[in-house]
Amino acid sequence: MSRQQQRYRLFLALLVGMTLMLAACGKEKSTTPLDYKDKVEGIDLSQENPQWAEWGKSEAEIKKDRGEPNRRMKQAGDNVVLEYADYQYSLIRDSVEVYVLMPGQETAKGIKAGGPASEIANAYGKDFYKRTQNNMDIIGYIDKKLERALEFVIQNGQISTIIVSRFSLFK
């Protein structure tokens with residue numbers, strides 16, 4: 001993958017993360033995974049990156065566990081994005097609510113950004129929802145027990161970004 005492609009994917013990951021944070025805190029009414037909670041059966045997402053799913057941890061706790069991030073970006077209000085080589089964490093009110101897989105990282109079922117969107121249903125099944133947010137097509141899966149969503153942002157038939165979020169982000 002060229003350096004330009006990596007930068008583009010990083011920019012896209014940042015854009016999606018910021019969009020999700022703004023949607024959760026903003027005035028614009030857009031759909032969220034919660035809008036689909038009762039429309040799909042749900043799947044088990046417990047194996048999605050459990051080693052780095054730092055749910056609810058503060059910035060200080062993440063830095064203690066993982067060291068200093070490659071980049072720290074301040075967002076609206078007290079919100080912060082911490083970027084590591086493998087994951088990008090979005091902290092809302094000093095609590096991890098979202099993480100994005102960085103280029104080269106894969107989901108528990110082997111799906112990576114850059115792959116074809118057709119791989120998603122083959123790996124995760126047909127119990128998904130589709131939504132559009134800010135002109136981005138999103139395919140999502142819900143774990144009702146763990147209250148998490150796994151979403152794939154699709155552009156031109158390819159997976160551009162992979163996002164895992166807690167339901168509490170959208171409440």
Side-chain angles (χ1 to χ4, degrees), residues 12-62 65-66 69 73-84 86-102 105-113 117 120-121 123-154 159-171:
L12 189 58
L14 291 171
L15 179 65
V16 169
M18 289 186 283
T19 299
L20 286 172
M21 287 174 36
L22 290 172
C25 301
K27 297 173 187 161
E28 177 185 329
K29 178 62 180 158
S30 59
T31 61
T32 73
L34 292 181
D35 295 318
Y36 302 92
K37 185 178 170 188
D38 296 328
K39 296 177 182 174
V40 295
E41 289 296 316
I43 66 171
D44 178 8
L45 296 175
S46 63
Q47 296 305 306
E48 288 305 321
N49 307 301
Q51 72 277 22
W52 297 123
E54 307 287 354
W55 302 120
K57 286 191 176 182
S58 69
E59 181 175 355
E61 291 171 314
I62 292 173
D65 291 347
R66 303 219 47 204
M73 295 158 278
K74 185 112 169 83
Q75 303 295 314
D78 296 335
N79 302 334
V80 172
V81 174
L82 301 177
E83 180 184 301
Y84 290 88
D86 50 3
Y87 298 99
Q88 175 184 318
Y89 302 101
S90 295
L91 289 85
I92 313 296
R93 294 173 295 281
D94 203 30
S95 171
V96 173
E97 300 296 317
V98 177
Y99 69 89
V100 175
L101 281 71
M102 297 300 285
Q105 297 303 304
E106 61 184 40
T107 67
K109 297 195 179 198
I111 304 298
K112 291 183 185 180
I120 299 168
Y124 286 92
K126 299 193 184 304
D127 189 30
F128 60 86
Y129 60 87
K130 289 185 178 182
R131 68 186 184 102
T132 301
Q133 183 172 321
N134 297 336
N135 296 319
M136 294 182 290
D137 293 324
I138 300 171
I139 294 172
Y141 293 86
I142 290 177
D143 185 323
K144 293 179 182 184
K145 181 178 177 185
L146 295 176
E147 296 191 334
R148 294 182 193 154
L150 170 64
E151 296 189 303
F152 300 89
V153 179
I154 309 302
I159 303 164
S160 63
T161 309
I162 302 170
I163 306 161
V164 184
S165 54
R166 292 172 78 179
F167 286 0
S168 56
L169 172 68
F170 305 105
K171 292 181 180 178

Q: Please round to the nearest 0.5 Å and tell me the distance separating atom CD1 of I162 and atom CD1 of I139.
A: 11.5 Å
Q: Write down the atom of I138, the atom of Q133, and the distance for their closest heavy-atom approach.
A: CD1-CB, 4.1 Å
Q: Provide the closest heavy-atom pair for A117 versus I154 in the form atom of the first, atom of the second, distance.
A: CB-CD1, 3.7 Å
Q: Count the heavy atoms belonging to other residues, nucleotides or ligands that lie under 6.0 Å from NZ of K74, then report whether that count exceeds 12.
A: yes
(Q) side-chain contact (heavy atoms from CB on, under 4.5 Å) for F128 and I120? Distances and angles first, verdict last. (A) CA-CA 10 Å; F128 60 86; I120 299 168; over 6 Å; no
Q | Residues L169, V98; criterion side-chain contact (heavy atoms from CB on, under 4.5 Å); working and verdict | A | CA-CA 8 Å; L169 172 68; V98 177; 3.2 Å; yes
Q: Calculate, to the nearest 0.5 Å, the distance between atoms CD1 and OH belonging to I163 and Y99 respectively.
A: 11.5 Å
**Q.** Pairwise distance CD1(I142) to CZ(R148) - rounded to 0.5 angstrom
**A.** 13.5 Å
Q) Passes side-chain contact (heavy atoms from CB on, under 4.5 Å), T107 versus E48? Steps please. A) CA-CA 6 Å; T107 67; E48 288 305 321; 3.3 Å; yes
Q. Just how far is it from atom CG of D143 to atom CG of L150, taken to the nearest 0.5 Å?
A. 10.0 Å
Q.
Could you check whether E97 and S168, counting side-chain N and O atoms only, form a donor-acceptor pair closer than 3.5 Å?
A. yes
Q) So how far is it from F170 CZ to T31 OG1, rounded to the nearest 0.5 Å? A) 9.5 Å
(Q) Does either side chain, that of Q88 or that of S90, offer a donor lying less than 3.5 Å from an acceptor on the other one? (A) no
Q) Which pair of heavy atoms, one from L91 and one from S58, lies closest together, and at what distance? A) CD2-C, 3.7 Å
Q: Test D86 against R66 for side-chain contact (heavy atoms from CB on, under 4.5 Å), laying out the working first.
A: CA-CA 11 Å; D86 50 3; R66 303 219 47 204; 2.8 Å; yes
Q: Might you point out which heavy atoms bring K144 and V40 nearest each other, and give the distance in Å?
A: NZ-O, 2.7 Å
Q: Determine the minimum heavy-atom distance between R166 and S95, stating which atoms define it.
A: NH1-OG, 4.1 Å
Q: Kindly say whether M102 contributes a backbone atom to a donor-acceptor pair with the side chain of Q105 at under 3.5 angstrom?
A: no
Q: Could you label the plane-to-plane angle of the Y141 and Y124 rings as parallel, tilted or perpendicular, counting under 30° as parallel and over 60° as perpendicular?
A: tilted
Q. For the residue pair Y84 and Y89, does the interplanar ring angle fall in the parallel (under 30°), tilted (30 to 60°) or perpendicular (over 60°) class?
A. perpendicular
Q | Identified side chain to side chain contact (heavy atoms under 4.5 Å, CB included) counterpart of D94 within the set K57, E61, E59 | A | E59
**Q.** N-O pairing of R131 and D35 below 4.0 Å
**A.** no
Q.
With a 3.5 Å distance limit and no angle check, can you tell me whether D127 reaches the backbone of G42 through a side-chain donor-acceptor pair?
A. yes
Q. With a 4.5 Å heavy-atom cut-off, do V164 and L45 have their side chains touching?
A. no
Q: Calculate, to the nearest 0.5 Å, the distance between atoms OH and CG belonging to Y87 and L82 respectively.
A: 15.0 Å
Q. So, does N134 use its side chain to make a donor-acceptor pair with the main chain of M136 at under 3.5 Å?
A. no
Q | Shortest non-hydrogen contact from P33 toward E151 | A | CG-OE2, 3.6 Å
